[in-house]
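First the structure, in the form of structure tokens, and then the observations on it.
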Number of protein chains: 2
Amino acid sequence: MTEPTRDRTGDEPIPEATVARLPVYLRGLLELADAGVETVSSVGLAELAGVNAANVRKDLSYLHAHGTRGVGYEVGHLVSEISLVLGGGRPSPVVIVGVGNLGRALSRYDGFVAGGFPIAGLVDADPAVVGRKVAGTVVRPVDELASLVAETGATVGIVATPAAAAQEAVGHLVAAGIRSILNFAPSVVAVPAHVDVRQVDLATELQILGYHQHRRTTGDTSRAAG
Amino acid sequence: MTEPTRDRTGDEPIPEATVARLPVYLRGLLELADAGVETVSSVGLAELAGVNAANVRKDLSYLHAHGTRGVGYEVGHLVSEISLVLGGGRPSPVVIVGVGNLGRALSRYDGFVAGGFPIAGLVDADPAVVGRKVAGTVVRPVDELASLVAETGATVGIVATPAAAAQEAVGHLVAAGIRSILNFAPSVVAVPAHVDVRQVDLATELQILGYHQHRRTTGDTSRAAG
DNA sequence: GTATGTGAATAGATTCACAGCT
DNA sequence: AGCTGTGAATCTATTCACATAC
């Protein structure tokens, strides 16, 4: 409260729940910036993100993003701060393992490139798929993964294989030096402690919806969950 | 009748965090059942699901699933109980709005059918796409959504449109009577209180990974997050 | 001996409510 | 007046530890 001590970028731990909301704030802020809006209040940002305003303020207090009392937050400033925290501002090239239906769709998804996650390359274990051109990129064999990562500086791996092949795919990625993995395969995978895995499971999401639906139709006084 | 509080299926509220883990347990249990395993301990199931064993026990205590002390849980029984809680055992047909890259991939994803979520139909706002056959189904125009839902008994909607079209797509789904929606568009959507929306946002997931990666490389004493 | 079931303890996240700045 | 920033209160979730049952 007297001296502005240790102020290194990203040195304080930001709660996971906050980190998960930052991308949503960022999206809303980019829309505002596009529309020429220069300041936004916590209430305004809360509406865009679908959360509570006090939550927004507390979240932003973890960053080095301060607002002006009586006015609000400067949109451009928030965009910079959040972008910095989420990946340091540099693009993170992505390698995709598994070029089935989902892998192909992901490789063509332009939201990745726009969000700073260009596709560095595609690999597949199936020789019938290797060599084919998908979304402008030639699919390479799995044993070239390490060199692909080295060449392109890829930092993120996406697993889009069948469940049975997911653990092996993760092993290849880790061996190639990748430490951030997004796993679309419906399978819990084991990784060393220094590797970060996030699971995106479509069937699981549907089943969670199924629970609430089932409850709504059989139970009585239930409350909708977001 | 004056019968006391008997166990109506799904009458107690199950914590959200537990609901989100049940599909993961179910997957592991189905694997065990396939392998002919008949009982499993909370420790065994915890390993399969990647969580703490006490957590498994507490989660299962919310269901009507009891184990045998000194032995464990009966795999077949758990499968039935969890399946029942997650959607009542009946299949929930799914309509997909938006037949771009992602919509096509989802419509071909066999995990849905296997998990009790058959594709009831596809719709798209683009006349150039309407009428084309995707994954064995003819794409229908958005204004046929209500009749499609009525015909097929679809209970779940998947939004796979661009962000700008997501709110409108959700509006159509709600108007057609759908009350469970899985939104793949990177956009916060507003829905009436009786409608349940879950967001699956690929760019957001990558950005969360980006935060941890950035922290690992710039910060020092950090701990890996699951 | 082994494994469940659960109260108690701990940790984490959200929301409230208001002091303090512009 | 309006809006941020944050301690305190509340709610939710996880983990521990052990009595209880097989």
Side-chain angles (χ1 to χ4, degrees), chain A residues 1-2 4 7 12-25 29 32 37-75 77-78 81-82 208 211-212 222-226, chain B residues 7 12-25 28-29 32 37-75 77-78 81-82 208 211-212 222-226:
Chain A
M1 60 190 268
T2 41
D7 211 16
E12 324 83 29
I14 299 178
E16 268 309 299
T18 296
V19 172
R21 279 186 296 267
L22 292 180
V24 185
Y25 297 155
L29 289 163
L32 290 178
V37 177
E38 292 188 342
T39 62
V40 64
S41 69
S42 60
V43 173
L45 191 47
E47 271 167 26
L48 283 176
V51 303
N52 178 289
N55 212 338
V56 169
R57 293 199 295 277
K58 189 147 282 190
D59 284 346
L60 295 180
S61 78
Y62 294 118
L63 315 183
H64 298 262
H66 284 252
T68 310
R69 289 160 196 252
V71 179
Y73 299 86
E74 208 231 300
V75 172
H77 186 236
L78 279 191
E81 288 290 349
I82 297 179
I208 296 171
Y211 166 77
H212 292 298
S222 66
R223 297 176 37 203
Chain B
D7 51 9
E12 326 82 30
I14 299 178
E16 268 309 299
T18 296
V19 172
R21 277 187 296 267
L22 291 180
V24 184
Y25 297 154
L29 289 164
L32 291 178
V37 177
E38 291 190 342
T39 62
V40 64
S41 69
S42 60
V43 172
L45 191 48
E47 270 167 26
L48 282 176
V51 301
N52 180 290
N55 212 339
V56 169
R57 294 199 295 276
K58 190 146 281 190
D59 284 344
L60 294 180
S61 78
Y62 293 120
L63 315 183
H64 297 262
H66 284 252
T68 311
R69 290 154 126 103
V71 179
Y73 299 87
E74 208 231 299
V75 171
H77 187 235
L78 279 192
E81 288 290 350
I82 297 180
I208 296 171
Y211 166 77
H212 292 297
S222 67
R223 290 162 61 190

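In what follows, every chain begins at residue 1, and chains take the letters A, B, ... in the order their sequences are listed. Note that the structure is a prediction, hence the values are computed from the model and not measured.
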Rounding to a whole Å, what distance do you find between [X]:[atom1] and [N]:[atom2]?
| X | N | atom1 | atom2 | result |
| --- | --- | --- | --- | --- |
| B:Leu78 | C:dT4 | CG | P | 10 Å |
| A:Leu45 | D:dC3 | CG | P | 14 Å |
| B:Arg57 | D:dA17 | CZ | P | 13 Å |
| B:Asn55 | C:dT10 | CG | C1' | 14 Å |
| B:Tyr73 | C:dG5 | OH | C1' | 7 Å |
| A:Tyr62 | D:dG5 | OH | P | 13 Å |
| A:Asp59 | C:dT15 | CG | P | 11 Å |
| B:Asn52 | D:dA17 | CG | P | 12 Å |

Quiz item: Heavy-atom distance under 4.5 Å between the side chains of B:Leu32 and B:Leu48, does that happen here?
Solution: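 B:Leu32 vs B:Leu48: side chains touch.
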
Quiz item: Is the distance from OP1 or OP2 of C:dA3 to the nearest side-chain N or O of B:Ser42 less than 4.0 Å?
Solution: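 So the side-chain polar atoms of B:Ser42 never come under 4.0 Å of the phosphate oxygens OP1 or OP2 of C:dA3.
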
Exercise. Compare side-chain N and O positions of B:His66 against OP1 and OP2 of C:dG5 and report whether any pair is under 4.0 Å apart.
Key: yes

Exercise. Hey, which sits more toward the 5' end of DNA chain C by its nearest nucleotide, A:Arg21 or B:Val43?
Key: B:Val43

Quiz prompt | Given DNA chain C, 5'-ward residue of the pair A:Val71 and A:Thr18, judged by closest heavy atom | solution =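 The residue whose closest nucleotide sits nearer the 5' end is A:Thr18.
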
Self-check item: CD1 on A:Ile14 to CG on A:Asp59, rounded to 0.5 Å
Solution: 9.0 Å

Quiz item: For the atom pair CD (B:Glu16) and NE2 (A:His212), what is the distance rounded to the nearest 0.5 Å?
Solution: 3.5 Å

Quiz item: Hey, mind stepping through B:Tyr25 and B:Leu78 against side-chain contact (heavy atoms from CB on, under 4.5 Å) and telling me if it holds?
Solution: CA-CA 9 Å; B:Tyr25 297 154; B:Leu78 279 192; over 6 Å; no

Practice problem: Please confirm whether any donor atom in the side chain of A:Arg69 sits under 3.5 Å from an acceptor in the base of C:dT22, or the reverse. | Solution: no

Exercise. For A:Leu63 and A:Leu22, run side-chain contact (heavy atoms from CB on, under 4.5 Å): C-alpha distance rounded to whole Å, both residues' side-chain angles, the deciding distance at 0.1 Å, then the answer.
Key: CA-CA 10 Å; A:Leu63 315 183; A:Leu22 292 180; 4.0 Å; yes

Quiz item: Where the side chain of A:Ser41 is defined as all heavy atoms beyond and including C-beta, which of D:dC3, C:dA8, C:dT22 is the nearest nucleotide?
Solution: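 Side chain of A:Ser41 sits closest to D:dC3.
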
